[in-house]
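Down below is the structure, laid out as structure tokens.
In what follows, chains carry the letters A, B, and so on, assigned in the order in which the sequence lines appear, proteins first and then strands, with residues in each chain numbered from 1.
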Amino acid sequence: MPLYKLPRGTLDILPAEQVYWEYVKHKAIALCQLYGYQRLDTPAFEDFNLFARSMGEGTDIVDKEMYTLEDKSGKKMSLRPEGTAPICRAYLEHGLYNLPQPVRLYYFATVFRYERPQAGRYRQHYQFGFEAIGDADPALDAEIISMTWHFCLSLGLKGLCLQLNSIGCKVCRPHYLENLKRHYSACLTQLCPDCKARLIRNPLRLLDCKKKSCQEAIETAPKSINYLCQECKAHFESIQRYLELLGIPFKVSHRLVRGLDYYTRTVFEIQSPGEGIQNALGGGGRYDELIEELGGKSTAAVGFAAGMERIILNLKRQNVSIPALPRPSIFIAYLGDEAKAEAIKLAFKLRQAGIAAITAMGGRSLKAQLRQANTFGTSYSVIIGEDEVKSQTVALRNMTTKEQKTIPSTKLEELFRRD
RNA sequence: GUGGGCGUAGCCCAGUGGUUUAAGGCGCCAGGUUGUGGCCCUGGAGAUCGAGGGUUCGAAUCCCUCCGCUCACCCCA
């Protein structure tokens, strides 16, 4: 019967699912208010080059996964594959560098990547992220990381692991990469085919390989933190001191790298305890060179982004109890046309007074109407029949105690306004 | 892009010794005497058995092709 299906890798978020989404959004917004972060929304598509430049040509996201199209004027536009670059673009475009620095921002965004869908991975997914732009202080890294940790705790997730690493800056990273490549070139024969390709394309990702055959090479590989320059080293140590000060548990992992080119120094990731799935709930890091790359002055920045679907997946797995969404507590049933008109009028008046109500529809029996009220779970039903219309009253039934009394219809408003 | 698993009503699914009105449960709708819900009882609607082709007197069932879903790899949130 249906002529169309939802596009591959996308999701209809049905009413029954919305509790989770509202829950996560509310926690996220509360968190940002607590830390003084302000919302900034950007469009779903941008100039192709914004992403090509920021994430780096040669990354899979830019080369293979972007939804790019030419608009009617011939401009190359892309659906956003991530949230940070557009935020930086907006920061520059609207002169947010004139505000007191750092500028603290957050966003919810749909992001698009053309990939084969699987558990916790979609072609369109929702990200929640926050960014602090305009300060290189390691205390700001610590703030972002502590916010991330705080967020996960407030959601009620357990057993999460915070991984931390530093991949250096443009001064010290080239030196490290040389050593990494030398190490891998020496044991080339035992590497998996993917890793052979990585060695040329994206050496940092070598550390991320899951194949058994490559684990030894990773274990014995040089660690980025041993190649940091003075400044990067001091920065990284400082972050760790702040995190210890805050009592936030973290694990320095020399294997942790991030997929996008713009990261400098700090990288971190929050991992769920689950096995065999996309276990990164979110990740972030510092990107001190990105703003300049996009045409601004040299501006330090740090941020984090989380995948909403993955968070929700974990909330379900861990059976975190989610508060129900509010529903109307009054159901209005009627018998006959005159009563129906009264019912519609009454519902409108109640709603104007801020009292949520839902009315029956159609011409079903009272029995059927109350059956509906029952499945809606409203705690009260209002019944209007011919008698009530004549006497300007309504029958108010408490659905849990079954108590029912007749009251003047004008009384209803004040009765419910109280609770 | 590569590889595995799976496609029967909105949902969960029975049925693959070829012959059935394609069964059941949940949900939905309606009834169980006058205007009263949850439990129970009865009834109803709802499926071109993922699509197309082939074999056969006869296919949900066997064969081929395609499509879709799903999981993993790659990549990433």
Specify the separation, in whole Å, of atom CZ of Arg123(A) and atom P of C69(B). 8 Å
Just compare G37(B), G35(B), A77(B) and give me whichever is closest to any side-chain atom of Arg310(A). A77(B)
With sugar-phosphate meaning primed atoms plus P, OP1 and OP2, does Arg198(A) contact a base, only sugar-phosphate, or nothing at under 4.0 Å between heavy atoms? sugar-phosphate
In 5'-to-3' order, the base (B), backbone-only (S) or no-contact (-) status of each nucleotide in nucleotides 25-34 of chain B, using a 4.0 angstrom heavy-atom cut-off, is ---SSSBB--
Sequence neighbours left out, what pairs pass side chain to side chain donor-acceptor pair (under 3.5 Å) with at least one residue falling in residues 246-260 of chain A? Gln215(A)-Arg255(A), Arg258(A)-Glu269(A)
Hydrogens and angles aside, do Ser78(A) and Glu46(A) bring a side-chain donor and acceptor to less than 3.5 Å of each other? no
Could you tell me how far G46(B) sits from G10(B) if I compare only their C1' atoms? Round to whole Å. 9 Å
Checking contacts here: which listed nucleotide (A72(B), U70(B), A77(B)) is nearest the side-chain heavy atoms of Arg8(A)? U70(B)
Donor-acceptor pair present, Lys5(A) side chain and G50(B) base, under 3.5 Å: no
Cationic tip of Lys64(A) within the cone over Tyr114(A)'s six-membered ring, i.e. under 6.0 Å and within 45° of the normal? no
Would you compute the distance between atom OH of Tyr23(A) and atom OG of Ser321(A) and round it to the nearest 0.5 angstrom? 7.0 Å
When you compare G50(B) with A60(B), how far apart are their C1' atoms, in angstrom units rounded to a whole number? 12 Å
On a plain distance test, is the side chain of Gln369(A) in donor-acceptor contact with the base of G35(B) below 3.5 Å? no
Using a 4.0 Å heavy-atom cut-off across all strands, classify Glu82(A) as base, sugar-phosphate, or nothing. nothing
Give every residue pair that meets the side chain to side chain donor-acceptor pair (under 3.5 Å) criterion with at least one member in residues 24-41 of chain A, sequence neighbours excluded. Tyr35(A)-His150(A), Tyr37(A)-Glu143(A), Arg39(A)-Asp41(A)
Rounded to the nearest Å, what distance is computed from the CH2 atom of residue Trp21(A) to the C1' atom of nucleotide A77(B)? 11 Å
Does the side chain of Glu82(A) pick up a donor-acceptor pair with the side chain of Tyr262(A) at under 3.5 Å? yes
When you get a sec, tell me which of U36(B), A77(B), C71(B) is the closest nucleotide to the side chain of Ile383(A)? U36(B)
For the pair made of NZ in Lys402(A) and P in G35(B), what is the distance, rounded to whole Å? 19 Å
Which value, in whole Å, describes the distance between the C1' atoms of nucleotides C12(B) and G17(B)? 27 Å
How far does CZ of Arg397(A) sit from OG1 of Thr401(A), to the nearest 0.5 angstrom? 8.5 Å
For RNA chain B, the expected dot-bracket line (Watson-Crick or G-U under 3.5 Å, [ ] crossing, | inter-strand) is ((((((((.[[[..)........]]].(((((.......))))).....(((((.......))))))))))))....
Validation row, ring centre Trp149(A) to ring centre Phe250(A) under 6.0 Å: no
Which nucleotide sits closest to the side chain of Tyr122(A): A77(B), C71(B), G35(B)? A77(B)
Check this for me: does any side-chain nitrogen of one of Asp47(A) and Lys75(A) sit under 4.0 Å from a carboxylate oxygen of the other? no
Is any side-chain N or O of Gln118(A) closer than 4.0 Å to OP1 or OP2 of A72(B)? yes
Is a donor from one side chain sitting under 3.5 angstrom from an acceptor on the other, for Thr10(A) and Arg123(A)? no
List in numerical order all residues of residues 333-343 of chain A for which some heavy atom is under 4.0 Å away from an atom belonging to RNA chain B. Leu335(A)
Other residues, nucleotides and ligands only: do more than 12 of their heavy atoms fall within 6.0 Å of CD on Glu338(A)? no
So that I can tick it off, tell me whether Glu414(A) and Arg417(A) are bridged by a salt bridge, with the cut-off set at under 4.0 angstrom between side-chain N and carboxylate O. no
Quote, to the nearest angstrom, the P distance that separates C26(B) from U21(B). 25 Å
In whole angstrom, give me the gap between the P atoms of C73(B) and A59(B). 43 Å
Parallel, tilted or perpendicular: which one describes the rings of Tyr227(A) and Tyr176(A), with boundaries at 30° and 60°? tilted
Only one of Trp21(A), Tyr107(A), Phe151(A) passes ring-ring contact (aromatic ring centres under 6.0 Å, His included) with Phe128(A); say which it is. Phe151(A)
Roughly, in whole Å, what's the span from CZ in Arg258(A) to P in C76(B)? 9 Å
Using a 4.0 Å heavy-atom cut-off, does Glu388(A) contact any base of the nucleic acid, only the sugar-phosphate backbone, or nothing at all? base
Tell me: NZ of Lys64(A) to C1' of C76(B), nearest whole Å? 12 Å
Can Asp208(A) and Arg205(A) be counted as an ion pair, charged N to O under 4.0 angstrom? yes
Under 3.5 Å, which N/O atoms of the protein pair with N/O atoms of nucleotides 3-7 of chain B?
{"from": "G3(B)", "atom 1": "O6", "to": "Arg116(A)", "atom 2": "NH2", "distance (Å)": "3.1"}

Of the candidates C75(B), A77(B), G35(B), the side chain of Glu309(A) sits closest to A77(B)
Could you pick out which residue, Asp387(A) or Pro117(A), lies toward the 5' side of RNA chain B when each is mapped onto its nearest nucleotide? Asp387(A)
Candidates C76(B), C71(B), G37(B) - which lies nearest the side chain of Met399(A): G37(B)
Could you tell me the separation between the CG atom of Leu396(A) and the C1' atom of G37(B), rounded to a whole number of Å? 15 Å
When rounded to whole Å, the CD to P distance for the pair Glu131(A) and A77(B) reads 12 Å
Leu396(A): which of Ile407(A), Ile330(A), Ile383(A), Thr406(A) passes side-chain contact (heavy atoms from CB on, under 4.5 Å): Ile407(A)
Rounded to whole angstrom, note down the P distance from G15(B) over to U56(B). 29 Å
How many angstroms lie between atom OG of Ser381(A) and atom CD of Gln369(A), to the nearest 0.5 angstrom? 9.5 Å
Taking atom P in both A23(B) and U16(B), compute the distance separating them and give it to the nearest angstrom. 15 Å
For Leu160(A) and A77(B), what is the distance between atoms CG and C1' respectively, to the nearest whole Å? 14 Å
Heavy-atom nearest nucleotide on RNA chain B taken for Arg113(A) and for Leu366(A); more 5' hit belongs to Leu366(A)
In whole Å, what separates the C1' atom of A47(B) from that of A22(B)? 9 Å
